[in-house]
Amino acid sequence: MNKSVRTRFAPSPTGFPHVGNMRTALFAWLFARHEGGSFIVRIEDTDVTRKVKGAVEAILDGLRWLELDWDEGPEVGGKYGPYFQSQRLKLYHGAAERLISQGDAYYCYCSPQRLEEMRAEQVRRKQPPGYDRHCRELSAEERRQKEAEGIIPVVRFKTPLEGQTRFNDLIWGGVTFENSTIDDFVLLKSDGYPTYHLANVVDDHAMEISHVIRAEEWISSTPRHLLLYQALNLEPPQFIHHPMILGPDRVKLSKRHGAVSIIEYREQGYLPETMLNFLALIGWSLDDKTELLSRQELVDNFSLERIGKTGAIFNRDKLGWMNGVYIRGLSPEDFVQRSLPFLDKGLPLEVKRPLDIDYVRQIMPLIQERAKTLADVAELTKFFFVDELDYKKHPPIGKNMDAAASATALEASRQRLQALEMFDEASLEASLRPLAGELDLNTGQLFGTLRVASTAEVATPPLFQTMAVLGKERCLIRIKSALDRLSVLRS
RNA sequence: GGCGCAUUCGUCUAGCGGUUUAGGACACCGCCCUCUCAAGGCGGAGAUCACGGGUUCGAAUCCCGUAUGCGCUACCA
């Protein structure tokens, strides 16, 4: 009997949605969708002290942004709920009690101080750190005494002293651990919350998870989980550990490497389709050449077998390139709509809001192939919106020209443009291109001077298109002010 | 220190014993296009497949060591 595929994303609300976690979610989601199974989100809020307010919302936002829809979990519910571990405490207590009564777990009364000293001593003597099993064989009398002292115990697993635990990871193959290297880990903390180890085993079973997909850092914990499944007489799921995302220094990607939250990438103007594609390609590949894959292609082609084994550095250059590719692929109107919030946020305060949408629609096609991120859009177009240009950075003087020659060129252009009836790209070109020769300038010189005059920038979209969008009136005013600027420079 | 895992251009990767003078992408360089910047086209440089031993007629591909790196080693996940 082939059990249906059920994968889960089990984030801990102790921070914001890290791109590494989101990729784990993506892999689990892709596998579920590819197999026609279910994707479950479960919030592992068992660490009361590290809980961060708003983290659950941020995580769900991240998932929604990437459109990783979940079949069961927060907000949507499901028949295996609740999907917050803090609401499932009874289940963990039940499991812990069962293990205690079976003799597979025990109460431990050791104080944090004692544990700390023990660890320090072990490190000092270069011994493997781990619980020394001090409370493993306490007598009933000893326990009563500790209880009488008012010590609230933790519950520890009675790890078998001998034998080995092995599992077959779909990506790594067979991995074997000696039980003797695993200490008696905590199952239930003294505050009544379970540790990850217990909760994750209890829930993965209760929720009938078929494939546990998680990062490589969990490999060493897996034998503990297996031991728990065994003690509880439950059938373990299939384990899949994928490699991690690294920073440029090759260690696990973290805050000090810069942006790590998926939300930050949204704010920096990356498209969700870019992030989806890019994240999928960290550690997974389709073949020897395919780089660009749509959501549907990803779902259709995803397979666990093609996940690699080595950690991958998060390559921002490539992300930028890919985002440019996706931006260029947007329909003009879609690009406008997606850019609007960024224009609103990024344009100088002096620019009147709301923006003239028709004007924006004329502008955006001019920069669509020049933007790497949506956040670039304001900087790329601000000269279209401001009333006063500032020529301090780039004086309106053409290449190998002086102020006088530039003024002559601008004045000639001004007259020419003044007389123009149609102010579209073709008319502008028909009028200005011949002018260059008449002024004994090359086109680069004339157009360059006009470019700076009308935009105060040296790099812009094509001159005639730009001027056409700016419109006759604006262009003439700007040429006039460039002329004024030149006379200041000459005096 | 212990345990586990990994190692192909700067980076991401393809490769799963012969089709490989190791393929693609980003980044880089050059040329073309061109009014600038992009985009695009063409081309270039860049990997003795970590190292050392085997196995084999033949190894990046299989085996064993070594080195390096990473992960775990909490009443965190």
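- Among the heavy atoms of the strands lying under 4.0 Å from A:Leu463 is at least one base atom, whether or not backbone atoms are also near.
- Straight-line distance between the C1' atoms of B:C42 and B:C33: roughly 11 Å, to the nearest whole Å.
- Residue A:Lys289 is classed as a sugar-phosphate contact, given heavy-atom separations below 4.0 Å to backbone atoms only.
- Contact annotation: side chain of A:Arg250 to base of B:C70, donor-acceptor pair absent below 3.5 Å.
- Backbone-only engagement by A:Thr310 is indicated by non-hydrogen atom pairs under 4.0 Å involving sugar-phosphate atoms exclusively.
- Within the 4.0 angstrom heavy-atom criterion, only backbone atoms of the sugar-phosphate kind lie near A:Phe177; the bases stay farther away.
- Distance check on atom C1': B:G18 versus B:G65 gives 27 Å, rounded to whole Å.
- Counting any heavy atom pair closer than 4.0 Å across all strands shown, A:Asn315 reaches a base atom.
- Taking the six-membered ring for Trp and the full ring otherwise, A:Phe185 and A:His197 have centroids separated by under 6.0 Å.
- Across all strands, A:Ser190 comes closer than 4.0 Å to base atoms (heavy-atom distances).
- A:Trp218 pairs with exactly one of A:Phe239, A:Tyr196, A:Trp172, A:Phe167 by the ring-ring contact (aromatic ring centres under 6.0 Å, His included) rule, that one being A:Tyr196.
- Between A:Lys309 and B:A6, a side-chain N or O to OP1/OP2 separation shorter than 4.0 Å is present.
- A:Pro223 comes within 4.0 angstrom of no nucleic acid atom, judged by non-hydrogen atoms across all strands.
- The residue A:Val452 sits apart from the nucleic acid: no heavy atom pair falls under 4.0 Å.
- For B:G24, its base sits under 3.5 Å from the side chain of A:Glu291 at one donor and acceptor pair at least.
- Using a 4.0 Å heavy-atom criterion, one finds that A:Val154 contacts the bases of the nucleic acid, with or without backbone contacts as well.
- Pairing each heavy atom of A:Ala409 with each of A:Met401, the nearest pair is CB-CE, 4.3 Å.
- Among the protein residues, A:Arg166 comes within range of no part of the nucleic acid, since none of its heavy atoms lies under 4.0 Å from any strand.
- Annotation: cation-pi pair A:Arg42/A:Phe84 absent, no NZ/CZ under 6.0 Å from the ring centroid and within 45° of its normal.
- Applying ring-ring contact (aromatic ring centres under 6.0 Å, His included) to A:Phe278 and the options A:Tyr265, A:Phe314, A:Tyr326 leaves one that passes, A:Phe314.
- A:Ser220 comes within contact range of at least one nucleobase, with a heavy-atom separation under 4.0 Å.
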